[in-house]
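In what follows, a single structure is set out as structure tokens and then discussed.
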Number of protein chains: 2
Amino acid sequence: MAEDAPGFELPLLLFAGFRSIADQLHAELARQGHPDIRPAHGFAMQAIGRDGTTASELGRRLGVSKQAAGKTADRLAALGYAARVDDPADARRKLIRLTPRGYDVLARSAAVFDELRAAWAERLGEDRLRQLEADLKTMAPPSGFRLDVAGWFGA
Amino acid sequence: MAEDAPGFELPLLLFAGFRSIADQLHAELARQGHPDIRPAHGFAMQAIGRDGTTASELGRRLGVSKQAAGKTADRLAALGYAARVDDPADARRKLIRLTPRGYDVLARSAAVFDELRAAWAERLGEDRLRQLEADLKTMAPPSGFRLDVAGWFGA
DNA sequence: ACCTTTTCGACAACCACGTTGACCATTTTA
DNA sequence: TAAAATGGTCAACGTGGTTGTCGAAAAGGT
């Protein structure tokens with residue numbers, strides 16, 4: 001009878017799958033006029049959303065401190081993907097809003113993700129892919145995703 | 001008929017699976033006397049292996065510069081998991097070797113990974129898990145894994 | 001043998017991403 | 001109205017990366 005795979009392979013495969021999709025996404029985004037977008041930026045812009053948010057709230061959504069979230073917002077602003085504007089209703093707050101260029105990345109990302117999923121479906125079959133998604137949902141619901149990846153990995 | 005999952009869910013699920021396993025591993029390692037081990041350390045120690053290696057070679061295995069690999073080795077040394085010794089056969093080289101404490105982490109990690117895989121097998125069934133592994137292997141062979149995760153994500 | 005090229009390790013400067021702690025300004029609340 | 005909670009920023013630091021430079025040692029070619 002066949003041996004079980006060694007346990008260490010499973011996380012490697014999961015990570016390789018994630019990284020494969022992320023790399024293809026960013027290669028395609030680079031081709032479509034967004035060469036300087038990094039995975040961290042995509043997560044942050046997704047968390048900012050169409051309505052914008054504040055640094056404190058962004059930090060809560062991303063699972064990092066408000067200072068870290070503020071720095072990320074500054075970088076996105078420097079790259080032209082976000083802007084920080086005063087909140088007329090609350091002089092403490094500064095809203096982080098996506099620029100048209102930021103919305104463009106979000107829209108293109110959604111499209112590319114759908115294409116990549118379709119590629120998986122074609123290769124594996126829609127049934128197998130659905131089962132894979134369902135199994136992952138069973139084992140690791142991506143509830144309130146924490147995206148402090150860089151810090152999580154190394155610090 | 002059921003709708004397809006949105007494309008952006010797939011990478012999130014893959015990452016959540018990876019992170020779930022990694023978090024459980026490190027929680028267990030902490031319980032077993034290794035509270036300061038980080039994911040990056042585990043990858044580096046795995047790459048150092050039982051025979052030890054040099055900073056340059058470690059950099060190649062990890063897909064990072066020799067300087068970065070050297071820094072990682074220094075940190076592992078500071079934590080007591082590795083030691084750097086002169087190579088008697090080549091005065092340029094300094095071998096990075098795991099300490100007994102380093103080997104201990106590797107052995108415990110392997111055991112915990114097997115336990116975690118067994119937990120997945122119990123929940124999903126061995127067949128489903130094998131299929132999941134096979135499908136991931138199809139879509140993203142973890143060939144020559146690059147583990148510059150922190151830099152890849154953000155820099 | 002000798003000179004050139006390659007390799008290894010280290011130093012320095014820098015960037016990205018995260019952390020705490022402290023601080024001030026502005027709501028909110030009691 | 002005074003006290004507490006909230007939002008943003010500054011500063012200092014840790015960790016994981018990057019280039020570029022450099023000297024010492026090994027390898028290679030003539």
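This structure is a prediction, so every number in the text was calculated from the model and none was measured. Chain letters run A, B, ... following the sequence lines, proteins first, then strands; residues in each count from 1.
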Under 4.0 Å: is that the gap between some side-chain N or O of [X] and OP1 or OP2 of [N]?
| X | N | answer |
| --- | --- | --- |
| A:Arg84 | D:dG7 | no |
| B:His41 | D:dG16 | yes |
| A:Thr54 | D:dT6 | no |

How long is the line joining [atom1] of [X] and [atom2] of [N], in whole Å?
| X | N | atom1 | atom2 | answer |
| --- | --- | --- | --- | --- |
| A:Leu79 | C:dC15 | CG | C1' | 13 Å |
| A:Asp36 | C:dA16 | CG | P | 11 Å |
| A:Asp74 | D:dT9 | CG | P | 7 Å |
| B:Leu95 | D:dA25 | CG | C1' | 15 Å |
| A:Asp86 | C:dA25 | CG | P | 16 Å |
| B:Phe153 | C:dA16 | CZ | C1' | 12 Å |
| A:Asp87 | D:dT6 | CG | C1' | 13 Å |
| A:Ile37 | C:dA16 | CD1 | P | 14 Å |

Among D:dG16, D:dG7, C:dG9, the one nearest B:Arg75 by side-chain distance
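From the listed options, D:dG16 comes nearest.
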What's the closest nucleotide to the side chain of B:Lys94 if the choices are D:dG7, C:dG9, D:dG16?
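Nearest to the side-chain atoms of B:Lys94, counting from C-beta on, is C:dG9.
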So, under a plain 3.5 Å distance rule, would you say the side chain of A:Gln67 forms a donor-acceptor pair with the base of D:dG7?
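Answer is no: no donor-acceptor pair is held.
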No-H, no-angle donor-acceptor pair, A:Glu57 side chain to D:dG7 base, under 3.5 Å
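Counting by modelled atom types and ignoring angles, no donor-acceptor contact under 3.5 Å is found here.
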Given DNA chain C, 5'-ward residue of the pair A:Ala40 and B:Arg60, judged by closest heavy atom:
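Comparing both residues, the 5'-ward one is B:Arg60.
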5'-most contact on DNA chain C: B:Lys71 or B:Lys66, nearest heavy atom basis?
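Nearest-nucleotide comparison on DNA chain C picks B:Lys66.
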Rounded to the nearest 0.5 Å, what's the gap from CD1 on A:Ile48 to OG1 on A:Thr54? Could you check?
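Going from the CD1 atom of A:Ile48 to the OG1 atom of A:Thr54 covers 10.5 Å.
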Heavy atoms only, 4.0 Å cut-off, all strands: where does B:Ser65 land among base, sugar-phosphate and nothing?
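Counting heavy atoms under 4.0 Å across all strands, the contact made by B:Ser65 includes a base.
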Classify the nucleic acid contact of B:Ala68 as base, sugar-phosphate or nothing, counting any heavy atom under 4.0 Å across all strands shown.
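Base contact - B:Ala68 has a heavy atom under 4.0 Å of at least one base atom.
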Can you check nucleotides 26-29 of chain C for protein contacts, nitrogen or oxygen pairs under 3.5 Å, and list what you find?
| from | atom 1 | to | atom 2 | distance (Å) |
| --- | --- | --- | --- | --- |
| C:dT27 | OP1 | A:Asp90 | OD1 | 3.2 |
| C:dT27 | OP1 | A:Ala91 | N | 3.0 |

Quick check: closest heavy atoms across A:Arg84 and A:Asp74, and the distance to 0.1 Å?
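Heavy atoms only, the tightest pair is NH1-OD1, 3.0 Å.
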To check you understand the geometry: which heavy-atom pair defines the closest contact between A:Leu62 and A:Ala47, and what is its length?
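In terms of heavy atoms, the two residues are closest at CD1-CB, 3.3 Å.
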Student check: side-chain heavy atoms of [X] and [Y] closer than 4.5 Å:
| X | Y | result |
| --- | --- | --- |
| B:Lys137 | A:Glu9 | yes |
| B:His41 | B:Tyr81 | no |
| A:Thr72 | A:Arg75 | yes |
| A:Leu136 | B:Leu14 | yes |

Look at the aromatic rings of B:Phe15 and A:Phe18 and report parallel, tilted or perpendicular, splitting at 30° and 60°.
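B:Phe15 and A:Phe18: tilted rings.
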